[in-house]
Protein chains: 2
Amino acid sequence: MFKRMPDVQPRLADDVYEQILSAIVNGQIAPGDRLIQEKIAAEINISRTPVREALLRLEREGILELSGRKGFSIRQISEEEVRDIYGVREAIEGYGAYWVAANRTDARIQAIAEKVAEERALKEHDMQAEFRINRDIHRTIVAQTGNKALLDMFDSIWGRGISQWLFAATRTNQTPPDPDVHDKLLGVIKNGTPAEAQAAMIEHVRDGLGMQIKGLKE
Amino acid sequence: MFKRMPDVQPRLADDVYEQILSAIVNGQIAPGDRLIQEKIAAEINISRTPVREALLRLEREGILELSGRKGFSIRQISEEEVRDIYGVREAIEGYGAYWVAANRTDARIQAIAEKVAEERALKEHDMQAEFRINRDIHRTIVAQTGNKALLDMFDSIWGRGISQWLFAATRTNQTPPDPDVHDKLLGVIKNGTPAEAQAAMIEHVRDGLGMQIKGLKE
DNA sequence: TTTTTGTACGGTGTATACAGTATACATGGT
DNA sequence: ACCATGTATACTGTATACACCGTACAAAAA
């Protein structure tokens, strides 16, 4: 009763972090835009300190970069880095698929199936929505392992690709939003051996890399 | 000529970060010790700001935690978290071993062999030295992929275990520093199929987990 | 014009100052 | 002795102030 005090006092920096990140995902901040500490601080009526903390965190996560004294901006990543990121995804998500297939449960399969259904039900096909649901599906698979550290890695590696993903996706928007692909993947996780599930996931990720590179090259 | 200006001006926070981290690895900071921003700042004659940035980063990386208003301290992790960490290691390092075996090169094998030799040559068997060389071996394997993102993940996940590892190792210091284990692993990477290399690495990591848990339980 | 030099400005990094709150300790009542 | 209450202290989090330096632009020299 009387409401419990939270263990750790909230930090403005966390808010700012969330706001900036979702602004990137929503396309309100584009590559090339300059993020100035004081500007942001003034805009939301707080001081530079928490804003700075948020920006530094985003920098460390590879999402932003600091260009000399011209402020922060979305980091442009090279093709090699994209390949690297997808390599990590193979490692993490492949492991996740393996684990889920090895520790199969109705509840776990169900959780994933729900996300896939969400994708199928998706009406608006803007890139941001596509991105989110796609990430959610993959994230849900990894989340089924119950391994928090693994999920952290997942979030970390997906954070890096954000802007690039959206950029490439916008270019090659012939990209069909085929939920069939995910259905197939789910099928293997549901019925295949762990090794098969892992292989299917890795192949699926590789396909994504192909798209990405194609979008980058044009 | 005339020396080049570094692209980005150095930050005191990075120094502080390194210092605190190595102080942890060297055992100068033990679990339970309280890290107070002002104290640290005074000790190295800088202001609280960069110290705070370093501490926040260490907190985000799961190495430190903030306990109310009692300052930061080394984060104690549960057995479940240890298991999680080792799961991630299986994913990342298993992938690394697979990759190296699949893209075998004399130079790559050599680089790893050198580290293993270093371990064998090790004279002082204090826990910190053991920890470092062990990590270096594993890190070198992953590094051979040339995948920077993967290496980041490696560093990230190893950072979390530091204190726990040292703690457990100190307890069960019957732990023999057997370089044979790593030699065997290297052998599989050198001569086996990629799948075999991956399996060997995963098994090796699992053995490590066993030790860790044992040390934790006592 | 073109190039150099000066200068104001913009932006980060660091230091300091302020506010708020949990913790610790002391004090007094029982 | 023990518990409750008050009060000081010790931290963190946030705001503000200062220092420094690269950039941009303007003015002067060629």
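Just so you know, these numbers use all the heavy atoms, side chains as well, and skip hydrogens, waters and symmetry mates. Proteins come first, then strands; the chains are lettered A, B, ... in the order of their sequence lines, and each starts at number 1.
The salt bridge (charged side-chain N to carboxylate O under 4.0 Å, His left out) pairs that include a residue from residues 201-212 of chain B are B/Glu90-B/Arg206, where partners are two or more places apart or lie in different chains.
OP1 or OP2 of C/dG13 has not a single side-chain nitrogen or oxygen of A/Arg69 nearer than 4.0 Å. Taking side-chain N and O atoms only, B/Gln37 has a distance below 4.0 Å to OP1 or OP2 of D/dT12.
In terms of the salt bridge (Lys or Arg N to Asp or Glu O under 4.0 Å) criterion, B/Arg132 has no residue partners (sequence neighbours excluded). Scored by the salt bridge (Lys or Arg N to Asp or Glu O under 4.0 Å) test, A/Arg34 finds no partners at all (sequence neighbours excluded).
In this structure, B/Arg52 pairs ionically with A/Glu53, as a charged nitrogen and a carboxylate oxygen lie closer than 4.0 Å. B/Arg57 has a carboxylate O that lies under 4.0 Å from a charged side-chain N of B/Glu61, or vice versa, which qualifies the two as a salt bridge. Ion pairing between B/Arg83 and B/Glu79 holds under the 4.0 Å rule for side-chain N and carboxylate O. One finds a salt bridge joining B/Lys115 and B/Glu118 here, because a Lys/Arg side-chain nitrogen approaches an Asp/Glu carboxylate oxygen to under 4.0 Å. Ion pairing of A/Arg160 with B/Asp152 is present here, as a side-chain N (NZ or NE/NH1/NH2) and a carboxylate O approach within less than 4.0 Å.
When the P atom of C/dG11 is taken as reference, atom CZ of A/Phe72 falls 13 Å away, rounded to whole Å. Note: NZ (B/Lys70) to P (D/dT12) measures 12 Å, nearest angstrom. B/Leu35 places its CG atom 14 Å from the C1' atom of D/dT12, with the value rounded to the nearest Å. Atoms CG (B/Asp14) and P (C/dT12) sit 16 Å apart, rounded to a whole Å. D/dT23 atom P lies 12 Å from atom CD of B/Gln9, rounded to whole Å. Rounded to an integer number of Å, the gap from CD of A/Glu38 to P of D/dA15 is 13 Å. Here C/dC18 presents its P atom at 20 Å from CG of A/Leu12, a figure rounded to the nearest Å. Straight-line distance from the CZ atom of B/Arg34 to the C1' atom of C/dA22: 11 Å, rounded to whole Å.
Under the 30°/60° scheme for interplanar angles, the aromatic rings of B/Phe131 and B/Trp158 are found to be tilted.
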What does the 5'-to-3' dot-bracket notation of DNA chain C look like when only Watson-Crick and G-U wobble pairs under 3.5 Å count, and pairs to other strands show as |? ||||||||||||||||||||||||||||||
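In terms of modelled atom types and a separation under 3.5 Å, the side chain of A/Asn26 and the main chain of A/Ser22 share a donor-acceptor contact.
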What N/O pairs connect the protein and nucleotides 6-9 of chain C at under 3.5 Å? Give each pair on its own line.
none

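Other residues, nucleotides and ligands contribute more than 12 heavy atoms inside 6.0 Å of the CD atom of A/Glu59.
Within residues 40-63 of chain A, the residues having any heavy atom under 4.0 Å from DNA chain C are, by residue number, A/Arg48, A/Arg52.
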